[in-house]
Amino acid sequence: MGKRLAEYDAVIVGAGVLGLATAYHIKRQNPGHRVLVIERLSGPGQGSTAKSAGMFRVFFYSRTNLALAHTSVEFYMHLQEKGIHLGMRWVGYLWLFDAEGYKKIRPVLDTLSARGLEHKLFEASELEEMLGLRADLSGDEEAELMGLPNVDYGILIPKAGSIDVDALVRFYEMAFLELGGKIAYNTEARRLLVEPERPLGIPGEPFIWQDIAVRGVETSSGRIRADKVVVAAGAWSHKLLSPIGLECFFRPKKRQLFSIRAAGRPELEKLLWAKGFNDEGCMPFTILPRPRVYLKPALEEGAIWLSFADELGRPFEEEPELEPSPEPEFYEYGLYQVAVKYFPQLEGCRPHAAWAGYYAENPIDHQPVIFEEAGVIIVGGASGSGIMKADAIGRIAAALYSGQEEAELFGGETFKVKDLGIRERRVEPEKLVI
Ligand SMILES: Cc1cc2nc3c(=O)[nH]c(=O)nc-3n(C[C@H](O)[C@H](O)[C@H](O)COP(=O)(O)OP(=O)(O)OC[C@H]3O[C@@H](n4cnc5c(N)ncnc54)[C@H](O)[C@@H]3O)c2cc1C
């Protein structure tokens, strides 16, 4: 048994974007509470948060997703207006479709237009001109073998872009500390402490006839007692919860990014700095028709990032090392082969950098999970959109902590806490997935 470290009202495990946003909003709502964040790494946001592509969009079919992303992005814009630099760049999302795919998505786009969510339609010929895109792959044997469709249309979503994830995480860390919150880095949660509500001091406790709950955390620096433990340990949450018989309903799936340097390659620079889509004067975040490989303009480093979220065949598991490794063959035989057919400018390009992280995926409806069980609040399952939804998720988790039925999101919109819970979950399915 480790030594007793301290007592807190709330201990949050994990200083990723979700843990820190939750910690900040809990402390903001409960200024008198002693709130501690523990993180096994040496700084904030070094887990999957640091691996993110840092993209956001305020364009979802699901009202759940839209509320989470819309209010979070509004909050980030508000921070920027107050002088907190988050490096938001409105590059837009460009979704590419063949004629059949476009026909299927048209009713969804019409519904969204009626709700006031804007998009702009591009013809293939315009995209060929503006991006140097190869839209017609017919007659290309390799493309046919891979089943790559032509591009007939592109849908540009202007209310979308990229954000400096590190700056966002630093904001939550600083704001939480300024309110008097505490953070212990290099501190690993080893086990959640399940204890009787009324301990009798008898060896062998807890017995089946005792009421039990989670009362704290055993860490690498000793025991920490807390009235409430918040598990925001991202893709590793199940490792703390499974041993005590709790399910978190999301699991890790490896995701990889490969960065191609454009500088010094005129054709690629032309693509990166393609005009006519946004005020940044660059290519939008571009999503190919099938498979949905995406290309991100990484303007600060003069590079284009490539990725794809593979599902069947990609296990739900984490690698033994803390840092998952990118797979060179995933780029070489996968991403590259697809992307170079549409963007011949990529011919011969090899990544100068690559990294991997995890989506914490809830395979049931792919939306975040926020619920309480036996004294533990579980916050996670944001898949590939935890950055763009972090503020709303933090506010909903804080409302749950404070015993409120409704969370007030930024801008005043309310959100029923139980809608993202397990027992009375109510989320609207998404029809626009990458
Ligand atoms: C390749 C990739 C691209 C992505 N792109 C986007 C995007 O464009 N837009 C977007 O919105 N989202 C994106 N995401 C998703 C986004 O990054 C995540 O949803 C978000 O970062 C999740 O935050 P988190 O705080 O839950 O997890 P994490 O950042 O992983 O935080 C969990 C923290 O808990 C710590 N921890 C775990 N176990 C313990 C323990 N036992 N004790 C102490 N500490 C512990 C970890 O070290 C970690 O720091 C992407 C993710 C990946 C991997």
Side-chain angles (χ1 to χ4, degrees), residues 11-23 36-57 65 68-69 72-73 76 93 160-163 165-166 168-169 172 183-192 217-221 224 229-241 243 248 250 252-259 285 287 294 296 298 305-310 318 322-324 326 354-362 366-370 378-394 397 434:
V11 166
I12 291 130
V13 182
V17 72
L18 297 189
L20 288 171
T22 301
L36 172 72
V37 174
I38 61 170
E39 166 60 54
R40 66 180 169 198
L41 301 175
S42 59
Q46 293 182 0
S48 299
T49 297
K51 310 302 172 58
S52 164
M55 299 304 303
F56 65 83
R57 59 170 153 139
N65 278 336
L68 300 178
S72 298
V73 171
Y76 306 156
Y93 273 38
S162 61
I163 186 165
V165 177
D166 189 50
L168 179 64
V169 163
Y172 282 117
I183 307 183
Y185 289 115
N186 300 308
T187 305
E188 183 174 10
R190 299 220 162 120
R191 166 173 90 85
L192 299 177
V217 196
E218 176 88 45
T219 77
S220 48
S221 313
I224 302 173
V229 175
V230 178
V231 173
W236 300 273
S237 299
H238 71 107
K239 295 197 135 190
L240 285 170
L241 295 162
C248 64
F250 51 86
K253 224 172 227 220
K254 181 156 97 171
R255 298 295 179 227
Q256 315 174 46
L257 274 161
F258 297 82
S259 178
F285 178 75
I287 306 138
Y294 67 73
K296 168 189 162 155
W305 294 0
L306 271 75
S307 187
F308 173 67
D310 47 339
E318 61 276 300
L322 276 184
E323 285 285 324
W355 60 95
Y358 298 108
Y359 279 9
E361 275 199 19
N362 148 17
H366 307 278
Q367 302 201 32
V369 167
I370 304 171
I378 294 143
V379 185
S383 291
S385 53
I387 310 296
M388 67 181 96
K389 296 175 184 165
D391 190 67
I393 292 175
I434 294 179

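Just so it is clear, the structure is predicted and the values come from calculations on it, not from any experiment. Whatever order the structure lists them in is the order used to number ligands and atoms, beginning at 1.
Heavy-atom minimum distance, Leu241 versus Cys248: CD1-CB, 3.5 Å. Heavy-atom minimum distance, Ala390 versus Val17: CB-CG2, 3.7 Å. Closest approach of Leu20 to Ala15, counting heavy atoms only: CD1-O, 3.5 Å. Listed here is the closest heavy atom pair of Val165 and Gly54: CG2-CA, 3.5 Å. Taking both residues in full, the closest heavy atoms of Gly47 and Leu41 are given as N-CD1, 4.0 Å, listed atom of the first, atom of the second, then distance. Across Leu18 and Ala232, no two heavy atoms sit closer than the pair C-CB, 4.5 Å.
Rounding to the nearest 0.5 Å gives a distance of 9.0 Å between OG of Ser42 and OH of Tyr185. Atom CD of Glu39 and atom CD of Gln46 lie 7.0 Å apart (nearest 0.5 Å). Note: Ile387 CD1 to Ser162 OG = 12.0 Å, rounded to the nearest 0.5 Å. Atoms NE2 and OG, on His366 and Ser385 in that order, are 11.0 Å from each other to the nearest 0.5 Å. Here the CG atom belonging to Leu68 is positioned 7.5 Å from the CD atom belonging to Gln367, to the nearest 0.5 angstrom.
Contacts with ligand 1 closer than 4.0 Å are made by backbone heavy atoms (N, CA, C, O) of Ala232 only, the side chain lying farther away. Contacts of Phe56 with ligand 1, taken as heavy-atom pairs under 4.0 Å, are absent altogether. If you look at Ser383 next to ligand 1, the close heavy atoms, those under 4.0 Å, all belong to the backbone.
Of the protein's heavy atoms, Gly234 CA, 3.7 Å lies nearest to atom 27 (O) of ligand 1. Nearest to atom 1 (C) of ligand 1 among the protein's heavy atoms is Lys51 O, 3.5 Å. Regarding atom 9 (N) of ligand 1, its nearest protein heavy-atom neighbour is Met55 O, 2.8 Å. The closest protein non-hydrogen atom to atom 26 (O) of ligand 1 is Leu18 CD1, 3.3 Å. Ranking the protein heavy atoms by distance from atom 30 (O) of ligand 1 puts Ser48 N, 2.9 Å first. Atom 47 (O) of ligand 1 has Glu39 OE2, 2.7 Å as its closest protein atom, hydrogens excluded (heavy atom only). In terms of protein heavy-atom proximity, atom 6 (C) of ligand 1 is nearest to Ser52 OG, 3.2 Å. Protein heavy atom nearest atom 50 (C) of ligand 1, with residue, atom name and distance: Tyr359 CE1, 3.6 Å.
Within ligand 1, the atoms closer than 4.0 Å to a non-hydrogen atom of Ala53 are 3 (C), 4 (C), 5 (N), 6 (C), 8 (O), numbered from 1 in the order shown. Shown in contact with Tyr358 at under 4.0 Å from a heavy atom are these atoms of ligand 1, numbered in order with element: 53 (C). The ligand atoms of ligand 1 that sit less than 4.0 angstrom from a heavy atom of Gly357 are 53 (C). Heavy-atom contacts of Ala382 reach the following atoms of ligand 1: 19 (O) (cutoff under 4.0 Å). Residue Gly384 has at least one heavy-atom neighbour below 4.0 Å for each of these atoms of ligand 1: 6 (C), 7 (C), 9 (N), 10 (C), 11 (O), 12 (N), 13 (C), 14 (N), 15 (C). Annotation for ligand 1: atoms under 4.0 Å from non-hydrogen atoms of Gly14 are 33 (C), 34 (O), 35 (C). Of all atoms in ligand 1, listed by their number and element, those nearer than 4.0 Å to a heavy atom of Val13 are 40 (C), 42 (N), 43 (C). Close approach of ligand 1 to Ala189 is summarised as follows: ligand atoms under 4.0 Å from at least one heavy atom of the residue are 40 (C), 41 (N), 42 (N), 43 (C).
Closest heavy-atom approach to atom 31 (O) of ligand 1 among the candidates Gly394, Gly16, Ser42: Gly16. Residue nearest to atom 22 (C) of ligand 1, selected from Thr187, Thr49, Leu257, Leu41: Thr49 (by heavy-atom distance). When the heavy-atom distances from atom 11 (O) of ligand 1 to Arg57, Lys253, His238, Met388 are ranked, the shortest goes to Met388.
The aromatic rings of Phe285 and Tyr93 sit tilted relative to each other, their planes meeting at an angle between 30° and 60°.
Distance alone, capped at 3.5 Å, places no donor-acceptor pair between the Thr22 side chain and the Ala397 backbone.
When only interatomic distances are considered, the shortest N/O to N/O separation between Arg40 and ligand 1 falls below 3.5 Å. For ligand 1, the polar-atom distance check finds no N/O of Leu240 at less than 3.5 Å from any of the ligand's N/O atoms. Inclusion of Arg255 in the set of residues having an N or O under 3.5 Å from an N or O of ligand 1 is not warranted. Of the polar atoms of Val17, at least one N or O is found under 3.5 Å from an N or O of ligand 1, judged by distance alone. Note: an N/O pair closer than 3.5 Å links Gly386 and ligand 1 by distance alone. The distance criterion of under 3.5 Å between nitrogen or oxygen atoms is not met by Ala235 with respect to ligand 1.
In this structure, Ala360 does not count as a contact residue of ligand 1, since none of its heavy atoms falls inside 4.0 Å of the ligand. Residue Gly45 places every heavy atom at 4.0 Å or more from ligand 1. Note on ligand 1: Ser385 sits in its first shell, one or more heavy atoms being nearer than 4.0 Å.
Residues Val13 and Val230 fail the side-chain proximity criterion, which asks for heavy atoms closer than 4.5 Å.
Between Trp355 and Phe258, the ring centre distance reaches or exceeds 6.0 Å. Separation of the Phe308 and Tyr294 ring centroids does not fall under the 6.0 Å cut-off.
Between Lys253 and Asp310 there is no salt bridge, since no side-chain nitrogen of the basic residue lies less than 4.0 Å from a carboxylate oxygen of the acidic one.
Remark: Glu323 engages Lys51 in a salt bridge (Lys or Arg N to Asp or Glu O under 4.0 Å) (not counting sequence neighbours).
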